[in-house]
Amino acid sequence: MMEVPPEIMQALIEIGFTKYETLTYWTLLVYGPSTAKEISEKSGIPYNRVYDTISSLKRRGFVTEINGNPKIYAPYSPRIAFFRFKKELDDIMKKLEIELKNVKKEEQRPAIWRSHDFEEALEMFRETLESARREVIVVTPSEFFEDIEGDLKEVLERNVTLSLYIDKVPDLSGLIGRGNLFVRQFHKLNHLVGMADGKEVAMIQNVTFRPSQPPSFRSTYREIVFSQYSLILEIFKEATLEVEDISNPQDIRFFAVFHAADLVKRHLHKTPIFAEISARKVGSGEMEKLYGSVVGYTLSFQRGTNNVHVETDRGIVKIGGMFAVIEDYESTDLKLIMG
């Protein structure tokens, strides 16, 4: 009787295989197509347990049955069997995601998820981008642009504003014309950062050094999001705007008020700009919907102040960003309409 390597036994049990299923599949892989009696003799499984074990492996797609007298059972190769298994898991994952979208979720506690696997961290990054409804900010070294270009296209195609910071401006033909895109150049980039709507952030650290297991995290803690927001604001101060592609001027969405103020700075003198804003009143904490014409802005790096001035039916109010203190309102939900 050939024993299953302990690491294989443990790995298969961890993904839901029973001990008998593992022994049976391993026996068939090693000895090839076999009868139930041969499987029992070679694996040590009691003969009266072979048939229900085979039945379970057939349902999983790991074994096929060849008619005859006696019947013979043949294993699918690990490549084929796990291809099917992965597809089945993907189908379950998609069903879960669809059903979750149909469920009205209550406000959830903030959390942080950590990883030391680059591919897994990239999935966290992508998941963060997929959650955005207003604006995505991405900070990336140019060497990773190809890895995430498809995800950036999807952001724009959902009419979510994309604000991209990169050290070398790549070929952007795949992004131009798909939505509202702002590309800024900044030369000192080591991390890959994705931020969605000011509500969550994903970071893969020191990617330019290409560590095999880069420390990475995704978080919805407001304080962690704000710390990365503050870091991006510092990058913004030194970055240069290289590309501005406004494909939908009637619906330009921002969560970063300094990005909104920067757009107002460039365009207010030549076109009217209207604003629709969800904001929290500083002091009372009440949420309000504000509508009006944009009449000014503050973008002062020296004083660390950035806001947008909107003339509403209650007069001119100043809209600040996350943790606004000196403004009338704090907001991460701004919609600007140009023209």
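In this chain, residues are counted from 1 in sequence order.
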Determine whether [X] and [Y] make a side-chain contact, defined as any pair of heavy atoms from C-beta on separated by less than 4.5 Å.
X: V139; Y: H191; answer: no
X: T305; Y: E327; answer: yes
X: Y329; Y: I277; answer: no
X: I54; Y: K58; answer: yes
X: K19; Y: I45; answer: no
X: E123; Y: E120; answer: no
X: L129; Y: V138; answer: yes
X: H259; Y: T161; answer: no

When rounded to the nearest 0.5 angstrom, what is the spacing between [atom1] in [X] and [atom2] in [Y]?
X: M9; Y: F17; atom1: CE; atom2: CZ; value: 11.5 Å
X: D328; Y: I319; atom1: CG; atom2: CD1; value: 7.0 Å
X: D333; Y: L290; atom1: CG; atom2: CG; value: 10.5 Å
X: Y165; Y: T140; atom1: OH; atom2: OG1; value: 14.0 Å
X: I112; Y: Y221; atom1: CD1; atom2: OH; value: 8.0 Å
X: T312; Y: K289; atom1: OG1; atom2: NZ; value: 15.0 Å

Shortest non-hydrogen contact from [X] to [Y]?
X: L268; Y: G296; result: CD2-N, 3.8 Å
X: A239; Y: R184; result: CB-CB, 3.9 Å
X: T220; Y: P110; result: OG1-CA, 3.3 Å
X: V225; Y: G198; result: CG1-O, 3.4 Å
X: V160; Y: A132; result: CG2-O, 3.6 Å
X: M124; Y: W113; result: CE-CB, 3.8 Å

Quick one: is the NZ or CZ of R60 closer than 6.0 Å to the six-membered ring centre of Y76, and within 45° of its axis?
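Geometry flag: not set, cation outside 6.0 Å or 45°.
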Spell out, as yes or no, whether a donor-acceptor pair under 3.5 Å connects the side chain of [X] to the backbone of [Y].
X: S331; Y: S278; result: yes
X: D197; Y: R134; result: yes
X: S300; Y: T298; result: no
X: S40; Y: A36; result: no
X: T271; Y: G339; result: yes
X: S56; Y: T53; result: no
X: D167; Y: P141; result: no
X: S34; Y: G32; result: yes
X: E65; Y: K71; result: no

Just checking, is any N or O donor in the side chain of D117 or S115 under 3.5 Å from an acceptor N or O on the other one?
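Note: D117 and S115 side chains miss the donor-acceptor criterion.
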Kindly check if the number of other-residue, nucleotide or ligand heavy atoms within 6.0 Å of [atom1] ([X]) is above 12?
X: K281; atom1: NZ; answer: yes
X: R280; atom1: CZ; answer: no
X: E157; atom1: CD; answer: yes
X: E7; atom1: CD; answer: yes
X: K199; atom1: NZ; answer: no

Donor-acceptor list for residues 241-254 side chains, cut-off 3.5 Å, not counting sequence neighbours:
residue : atom : partner : partner atom : Å
E242    : OE2  : T240    : OG1          : 2.8
E244    : OE1  : H267    : NE2          : 2.9
E244    : OE2  : R266    : NE           : 3.1
E244    : OE2  : R266    : NH2          : 2.3
E244    : OE2  : H267    : NE2          : 3.3
D245    : OD2  : G177    : N            : 2.7
D245    : OD2  : S247    : OG           : 3.4
S247    : OG   : G179    : O            : 3.1
N248    : ND2  : N159    : OD1          : 3.2
Q250    : NE2  : M338    : O            : 2.9
D251    : OD1  : R253    : NE           : 3.2
D251    : OD2  : N159    : ND2          : 2.9
D251    : OD2  : R253    : NE           : 3.3
D251    : OD2  : R253    : NH2          : 3.0
R253    : NH1  : R133    : O            : 2.8

Given side chain to side chain contact (heavy atoms under 4.5 Å, CB included), test L172 with F145 step by step and report yes or no.
CA-CA 10 Å; L172 297 170; F145 178 76; 4.0 Å; yes
Determine whether V201 and F217 satisfy the following criterion, side chain to side chain contact (heavy atoms under 4.5 Å, CB included), listing intermediate values before the conclusion.
CA-CA 8 Å; V201 63; F217 69 85; 4.1 Å; yes
Angle class for the F144/F118 ring planes (parallel below 30°, perpendicular above 60°, tilted otherwise)?
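Plane angle between 30° and 60°, so tilted.
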List the atom pairs, with distances to 0.1 Å, where a side-chain N or O of residues 229-236 and a protein N or O form a donor-acceptor pair under 3.5 Å, not counting sequence neighbours.
residue : atom : partner : partner atom : Å
S230    : OG   : F226    : O            : 3.0
E234    : OE2  : K237    : NZ           : 2.9

Are V63 and F83 in one and the same hydrophobic cluster, where Ile, Leu, Val, Met, Phe, Trp and Tyr link if side-chain heavy atoms are under 4.5 Å apart?
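Different hydrophobic clusters.
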Quick one: side-chain contact (heavy atoms from CB on, under 4.5 Å) partners of F274, sequence neighbours excluded?
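E276, Y291, S293, I337.
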Between Y20, F85, Y31, F62, which is the residue that forms a ring-ring contact (aromatic ring centres under 6.0 Å, His included) with Y25?
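Running ring-ring contact (aromatic ring centres under 6.0 Å, His included) over Y20, F85, Y31, F62 with Y25 returns exactly one hit, F62.
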Checking salt bridge (Lys or Arg N to Asp or Glu O under 4.0 Å) for the pair D90/K94: CA distance, chi angles, key distance, verdict?
CA-CA 6 Å; D90 286 342; K94 288 172 185 174; over 6 Å; no
